[in-house]
Amino acid sequence: DRWPNDKLARLGAESILQSFNVREDWSQLNQWSRKFKGNATLSADKAFKKKVSELVEGASFNEILYVFEPKSSPMEIADYYNGFVREFPKSKYAMVGLYNTLINYDKAGALQKAIDSSEKLLNEYATFKISKEEIKKTKKEGTSLPEPDLLREKTLFLAASFYERFAEFERSAKYYESYAKQFKKGPKRADALFNAGLFREGLGQYTEAIIDFDTYIRDFPKKEDALDILWRIGLIHEKQKSYSVVVKHYDIFKSKVKSTDPARYICAEYKIAKAKVELGRADSGTWTNLVKLYQALPDDKKTDVCALDAVGQAAFVLLEGDYDSYMAIKLTGSEKQITNNLMDKLKRVEELQGKYTQVLQLGQGDYG
């Protein structure tokens, strides 16, 4: 205070600040570093000013992290970090401060503020970088800063989930797709692709949904649900009424389950059969094959819902010709013709009853 122009004055100021820094007394360090930074005579030295400015940023951040956080609510914590970012937008701590802001706004239930903070991080800090040396240095200063890309990765996924919770599914899907594209090795990439595909499908954006699901299967072929998603793609083709594509798709699916899941193999054949009906290409052989496949199933697989649906419809369709032939017999003409037709009809009634009883015994409710 007496000799601020002397170089020992700056050394004295640095000694005071380092004494608080070593003891990790962040509140005192914040208070005194701001005081010395505001001293125009001391700050005339550029090296001193730079060093003190760094201490102000570090102390301000650490005071929030170690002093305020343990005794504050999530909303208060978020506001503290948000204030820090506004004061020091170019600080090396700004990006992690903004990330802590959005995390705590989310905890406080302030979803719109969490979204605003995540958008700010993704847009304003898209090219933010910090050297490995600087990261190492922050460990000595009380805070070990994370890699910027790690924060971007986490924030992008969180932003997608925030929009999901707001039921803004198209925007959520875009963020999930952006995550999958930007972070090829991201720990939540599979979830991002699945969620994006699910929302695109729900929005009726079938082409985009298929792209997302196809990418999932290609990049995560060993995931337990890969076959389920492959099946789902076929269902989307059905919704699009792309029946030729449906036939080709389920042919591929059959090849993947032929030796491992006979019930699912039948289900795929059933999808192909129904697509062929739409294309006008179904014949008795199509349905006969389904019945044979079902009969060859192990007993414990015969209760599979899809397999039952397949054999139920197949068995029923195969009787349509007999039923139509029966219905075509008319009790008209001469007395002799009527008598003969009646006897024939009564005989067929018994035969048809037996055949339809066999359909009933399959245990498939609709066709039963």
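Because the structure is a prediction, the values reported are computed rather than measured.
Side-chain contact, Asp225 with Tyr216: a donor N or O sits under 3.5 Å from an acceptor N or O. Side chain to side chain, Tyr326 and Arg348 fail the donor-acceptor criterion of an N or O pair below 3.5 Å. Side-chain contact annotation: Asp79 with Tyr105, donor-acceptor N/O pair under 3.5 Å present. A side-chain donor from one of Gln112 and Asp116 sits under 3.5 Å from a side-chain acceptor of the other. In the model, Arg281 has no side-chain atom that pairs as donor or acceptor with a side-chain atom of Thr286 under 3.5 Å.
Taking the six-membered ring wherever Trp is involved, the centroid distance between the rings of Phe88 and Phe84 falls below 6.0 Å.
Contact of the Lys271 side chain with the Glu238 side chain is registered, since non-hydrogen atoms from C-beta on lie closer than 4.5 Å. Contact annotation: the side chain of Thr207 approaches that of Gln240 to within less than 4.5 Å [non-hydrogen atoms, C-beta and beyond]. Side-chain atoms of Leu65 and Tyr81, non-hydrogen and from C-beta on, do get closer than 4.5 Å to each other. Side-chain contact between Leu158 and Ile103: present, with at least one pair of heavy atoms (C-beta onward) separated by less than 4.5 Å. The side-chain heavy atoms of Lys7 and Asp45, taken from C-beta on, include no pair separated by under 4.5 Å. Annotation: side chain of Phe36 is in contact with side chain of Trp32 (closest heavy-atom distance under 4.5 Å). The side-chain heavy atoms of Arg189 and Phe183, taken from C-beta on, include no pair separated by under 4.5 Å. At least one side-chain heavy atom of Glu201 sits under 4.5 Å from a side-chain heavy atom of Phe213.
Between Arg200 and Glu177 there is a salt bridge, since a side-chain N of the basic residue sits under 4.0 Å from a carboxylate O of the acidic one.
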* Apply side-chain contact (heavy atoms from CB on, under 4.5 Å) to Leu308 and Lys302, showing your working. => CA-CA 7 Å; Leu308 274 174; Lys302 287 183 176 179; 6.0 Å; no
* **Stepwise side-chain contact (heavy atoms from CB on, under 4.5 Å) check, Leu11 with Leu8** => CA-CA 5 Å; Leu11 178 61; Leu8 292 179; 4.0 Å; yes
* Go through the steps to decide whether Arg34 and Glu87 satisfy the test salt bridge (charged side-chain N to carboxylate O under 4.0 Å, His left out), and finish with yes or no. => CA-CA 13 Å; Arg34 285 177 183 273; Glu87 185 178 2; 2.8 Å; yes
* After noting the C-alpha distance and the side-chain angles of Glu54 and Lys92, does the key distance pass the salt bridge (charged side-chain N to carboxylate O under 4.0 Å, His left out) rule? -> CA-CA 9 Å; Glu54 289 178 352; Lys92 61 187 176 185; 5.4 Å; no
* Take Glu170 and Tyr163 through the side-chain contact (heavy atoms from CB on, under 4.5 Å) test and state the conclusion after the steps. => CA-CA 9 Å; Glu170 184 165 12; Tyr163 282 118; over 6 Å; no
* Asked: Under the side-chain contact (heavy atoms from CB on, under 4.5 Å) criterion, do Asn289 and Leu293 qualify, and how do the steps go?
  -> CA-CA 6 Å; Asn289 183 49; Leu293 287 170; 3.7 Å; yes
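In this structure, the separation between NZ on Lys355 and CG on Asp322 is 4.0 Å, given to the nearest 0.5 Å. For the atom pair OH of Tyr294 and CG of Asp304, the computed distance is 9.0 Å after rounding to the nearest 0.5 Å. A distance of 13.0 Å separates NZ of Lys51 from OG of Ser43, quoted to the nearest 0.5 Å. Considering CZ of Arg152 and CD of Gln182, their distance stands at 9.0 Å, rounded to 0.5 Å. Taken to the nearest 0.5 Å, the OG atom of Ser334 stands 8.0 Å off from the NZ atom of Lys336. For the atom pair CG of Asp212 and CD1 of Ile217, the computed distance is 11.5 Å after rounding to the nearest 0.5 Å.
A distance-only check finds no donor-acceptor pair linking the side chain of Asn341 to the backbone of Ile329 [under 3.5 Å]. The backbone N or O of Glu208 lies less than 3.5 Å from no partner atom in the side chain of Gln205, so there is not a single donor-acceptor pair. Side chain of His237 to main chain of Val247: no donor-acceptor pair is present (N/O by atom type, distance under 3.5 Å, no hydrogens or angles). Distance alone, capped at 3.5 Å, is enough to place a donor-acceptor pair between the Ser172 side chain and the Ala160 backbone. At least one donor-acceptor pair under 3.5 Å links the side chain of Asn104 to the backbone N or O of Asn100. Glu134 places no side-chain N or O within 3.5 Å of a backbone atom of Ser131 that could act as its donor or acceptor partner. The main-chain N or O of Gly97 is found under 3.5 Å from a side-chain atom of Thr101 such that the two form a donor-acceptor pair.
Minimum interatomic distance between Asn30 and Val56 (heavy atoms only, all atoms of both residues): OD1-O, 4.1 Å. In terms of heavy atoms, Gly312 sits closest to Val359 at O-CG1, 4.4 Å. Heavy atoms only, all atoms of each residue included: Gly58 and Tyr93 are closest at CA-CE1, 3.6 Å. Across every non-hydrogen atom of Phe48 and Glu14, the tightest pair is CD1-OE2, 3.7 Å. Between Leu102 and Ser118, the shortest heavy-atom distance links the atoms CD2-CA, 3.8 Å. Across Lys181 and Lys184, no two heavy atoms sit closer than the pair O-CE, 3.4 Å.
No chain of hydrophobic side-chain contacts below 4.5 Å, direct or via other Ile, Leu, Val, Met, Phe, Trp or Tyr residues, connects Ile252 to Ile233. When hydrophobic clusters are built by joining Ile, Leu, Val, Met, Phe, Trp and Tyr residues whose side-chain heavy atoms come closer than 4.5 Å, directly or via intermediates, Leu150 is not grouped with Tyr175. The hydrophobic cluster containing Ile236 does not contain Ile211, counting ILVMFWY residues as joined when their side-chain heavy atoms lie under 4.5 angstrom apart, directly or transitively. A continuous path of ILVMFWY side-chain contacts below 4.5 Å connects Val349 to Tyr323, so both sit in one hydrophobic cluster. One hydrophobic cluster holds both Phe20 and Tyr66 under the rule that ILVMFWY side chains link at heavy-atom gaps under 4.5 Å.
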List the atom pairs, donor and acceptor, that lie under 3.5 Å between side-chain atoms in residues 120-130 and the rest of the protein, sequence neighbours left out.
| unit_1 | atom_1 | unit_2 | atom_2 | d |
| --- | --- | --- | --- | --- |
| Asn123 | ND2 | Glu119 | O | 3.0 |
| Tyr125 | OH | Pro89 | O | 2.6 |

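Residue Lys254 qualifies as enclosed at atom NZ: its count of foreign heavy atoms under 6.0 Å is above 12. Within 6.0 Å of the NZ atom in Lys347, the count of heavy atoms belonging to other residues, nucleotides or ligands does not exceed 12. The environment of NZ in Lys258 is sparse: at most 12 heavy-atom neighbours from other residues, nucleotides or ligands sit within 6.0 Å.
Phe199 and Tyr176 have tilted rings, their planes meeting at an angle from 30° to 60° on a 0 to 90° scale. Ring-plane geometry between Tyr250 and Trp231 is classed as perpendicular, the angle between the planes exceeding 60 degrees on a 0 to 90 degree scale with a lower cut at 30. Ring orientation note: the planes of Phe316 and Tyr356 are tilted relative to one another, at an angle of 30° to 60°.
A salt bridge (Lys or Arg N to Asp or Glu O under 4.0 Å) with Asp106 holds for exactly one of Lys113, Lys154, Arg165; it is Arg165.
The side chain to side chain donor-acceptor pair (under 3.5 Å) test applied to Asp228 returns Arg264, not counting sequence neighbours.
Applying the ring pair (Phe, Tyr, Trp, His ring centres under 6.0 Å) test to every pair with at least one member in residues 255-284, sequence neighbours left out, gives no pairs at all.
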